[in-house]
Amino acid sequence: MSSVNFYKLTTIATIFKITLVFYILAFCLKLYKGAVISSVLVVENGFSEQFSFWIEKSIAILLLFCLIGVFFKSTYKLSLWLISTFLVLYSLLSYANGGKAFLELSLISAISKWWLPILTLISIHHFYNRKAKFNRWFLLSIQFSVFLIFLSHGIGCFLKNGVYIDYILGFFRDFSAIPMKQKDAEQFLNIIGVIDVAVAVLVMIKSSNYLLYWLIFWGFLTAMLRVLDASILNYVEFLIRVPHFTLPLVLLLIRNYKNETSAVSSKT
Amino acid sequence: MHPRVIWTEKPSEHAIVSWTSSVFGTDNYVVFGTNKQLNKNTLQSKSLKEGKITMRSMDYEEGVPEAYYHHAELKNLNSSTTYYFKFCTDNTCSDIYYFITAPEKDQSYSIISGGDSRLGGKKPRFAGRTPLIERQKMNKMIAKMTEEDPSILAFAHGGDYCTTADWRHLYYWFEDHELTITKDKRILPLILTRGNHEHEIGFLENFWLGEISNEHSDGYFFMTQITPTSALLTLNTETSMAGDQLEFLEETLEEHRAKNNWMFVQYHKPAYPAVKDFNREDFYHVRKYWVPLFEKHKISMALESDGHSLKKTAPILDGKIDPKGIIYIGEGGLGVPQREPFPERWFFDEESIVEAKHHLWKISVDDTIANVTAFGIEQDTLHSFSVTSKVFETKSEVHE
């Protein structure tokens with residue numbers, strides 16, 4: 001394997017690891033502050049609060065150990081399977097517990113990250129085995145994740161998610177002199193919704209560098225809005241959305257890597 | 001079954017009667033009047049909004065029966081008047097219940113306030129399979145208090161009625177809500193708040209606000225004029241807080257605050273949470289968008305829910321404890337298992353109360369003073385304090 005290929009393989013594996021670290025750290029912080037698991041244990045099942053918080057903190061610690069395990073050759077597989085299992089169970093529990101607007105869309109968005117640890121596992125496996133080529137299913141899985149993320153956001157825009165409206169209104173209120181009304185924000189959301197759904201479909205059928213640049217930009221901006229709108233103390237909501245721009249980034253890297261490889265092949 | 005009376009904007013002349021039927025029927029209506037037997041001078045109001053209650057597979061699995069919702073509007077009522085009513089599907093009618101309309105003249109009154117009535121009871125807690133002991137006890141207490149104190153006019157519910165607004169949960173909430181009906185069949189009108197556990201279609205089907213005059217009725221935010229100089233603003237933390245609702249809040253306070261000695265506000269998610277993370281964005285949004293208007297217009301007191309504990313904050317103004325500030329009470333204790341709050345948070349002081357105890361609040365409003373009492377599940381007094389009405393004058397009035 002050339003040093004260039006190895007560098008790219010390293011980059012992809014590193015991006016996956018960083019994404020997972022931020023994403024899972026967000027869950028650890030949620031669990032540390034009290035999350036859906038303790039709510040279900042206390043409210044629905046009658047366990048004591050102390051025990052329920054202990055369970056949540058224990059899971060958070062276990063997740064942290066799993067994150068550390070990701071960085072070691074002997075433990076990364078087990079760690080990533082455990083993280084994946086956690087993500088599936090946690091999102092299903094959140095869905096069953098209710099108490100949130102657009103619950104189905106939240107579930108779709110959560111599902112889009114169910115296989116993130118498996119993708120990380122594959123990228124690390126390739127790195128350790130110096131395998132430069134990712135198979136079609138790997139790429140398709142990332143594309144499908146991005147598709148679900150942007151599709152759920154697009155539908156949320158069409159359904160006039162109140163939180164999205166407040167992000168737009170808050171953004172214009174805090175960072176511009178242009179006053180905006182709710183109906184204008186709703187029109188704006190319709191446009192964003194069309195774009196989100198269109199890019200979600202395009203990423204599955206006809207990806208391009210420009211499309212991926214847009215996805216990275218938009219994923220980052222919408223994640224950052226959580227902090228811009230509700231102060232840096234809302235950083236957990238940013239962390240949980242890191243995959244929204246790093247997954248398109250990985251797609252971009254793989255695409256360019258493939259293009260470079262085919263260019264080199266045609267020259268030779 | 002499941003009779004309830006809903007108050008929206010003008011409870012001295014308007015109310016909504018809602019009920020559930022097991023068959024849809026061709027003719028659903030309310031018969032009402034001021035005569036106890038409803039045998040003379042009665043009026044009829046047709047069910048204006050009705051349909052089959054949405055059933056999901058989990059509802060069938062839980063074994064709740066299929067049912068139909070009905071809502072009828074009672075208009076042009078007389079103030080401070082006892083109205084008797086029964087609801088009918090075809091020719092089958094319910095028992096006769098009654099409620100009392102709000103006064104048209106100023107008078108002392110009380111309201112009951114509380115939130116979070118989901119679950120409670122033996123563990124594990126499944127609606128329908130486990131008696132919801134705490135919720136039922138609180139509801140019986142509401143009936144008893146209403147019997148003992150005729151000044152109680154309404155029950156302001158702060159939201160989170162059940163785990164979801166699906167029928168397997170709402171069905172049992174309605175069953176338990178019947179326990180708030182007094183022995184002589186008086187129904188305490190509900191002033192509804194939408195909580196974060198009410199995002200399902202069942203909430204819209206079963207809690208209808210009628211043709212209320214503002215354009216935001218589907219947003220579940222409105223002002224209830226309880227007496228000519230006393231109002232309760234209901235806000236909705238489950239929709240946009242910075243858009244139409246903020247405009248509504250600003251316009252309503254501009255127009256009505258000066259006319260009302262008392263302006264209370266209720267909503268579900270707290271600005272100053274006793275239990276959950278203070279920095280959460282939904283709580284932050286309440287503080288960012290609404291609290292400045294509360295402070296500008298010197299609202300009398302804010303009623304909050306969601307946390308599952310009992311709380312009364314210190315008076316807060318401009319992000320600090322200030323004797324001229326607003327007191328935030330509530331956090332929800334109508335049956336939901338209680339959580340340990342954080343009394344060390346900066347907005348609690350030695351006069352605050354912060355405890356994990358089931359509770360409801362009784363707010364007794366006089367001309368210039370309101371006595372506020374938190375009652376525990378045994379109707380024991382947990383905390384009591386008074387607030388005086390804050391004089392608020394618009395700028396033009398000040399200049400005059």
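Residue numbers begin at 1 in each chain, while the letters A, B, ... track the order of the sequences.
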Heavy-atom distance under 4.5 Å to chain B: side chain of [X], backbone, both or neither?
X        : result
A:Tyr167 : side chain
A:Lys33  : side chain
A:Glu237 : side chain
A:Asn97  : both

Handout entry: Member of A:Ser38, A:Ser39, A:Ser52 meeting the side-chain hydrogen bond (donor to acceptor under 3.5 Å, both in side chains) criterion with B:Arg339
Key = A:Ser39

Problem - Max heavy-atom pair count under 4.5 Å with chain A, selected residue of B:Gln338, B:Arg118, B:His308, B:Lys122 - result: B:Arg118

Handout entry: A:Phe71 CZ: over 12 foreign heavy atoms closer than 6.0 Å
Key = yes

Supply the atom-to-atom distance [X] [atom1] to [Y] [atom2], rounded to the nearest 0.5 angstrom.
X        : Y        : atom1 : atom2 : result
B:Phe278 : A:Leu233 : CZ    : CG    : 9.0 Å
B:Thr239 : A:Asp166 : OG1   : CG    : 8.0 Å
A:Ile232 : B:Asn279 : CD1   : CG    : 11.0 Å
A:Glu104 : B:His199 : CD    : NE2   : 11.5 Å
B:Lys288 : A:Arg173 : NZ    : CZ    : 6.0 Å

Exercise for the section: Taking all non-hydrogen atoms of both residues into account, name the closest pair between A:Asn45 and B:Pro124 and its distance. Expected result: OD1-CB, 3.5 Å

Practice task
Please confirm whether the backbone N or O of A:Glu49 pairs with a side-chain atom of B:Glu340, one donor and one acceptor, at under 3.5 Å?
Solution key: no

Exercise for the section: Under 4.5 Å, counting heavy-atom pairs only, tell me which of A:Gly162, A:Ala230, A:Gly34, A:Gly98 racks up the most with chain B. Expected result: A:Ala230

Problem - Interchain contact, B:His197 with chain A, by part (heavy-atom threshold 4.5 Å) - result: both

Fill in the blank from the handout: The interface call for B:Tyr289 against chain A, heavy-atom contacts under 4.5 Å, is side chain

Problem - Residues of residues 144-153 of chain A within contact distance of chain B, non-hydrogen under 4.5 Å - result: none

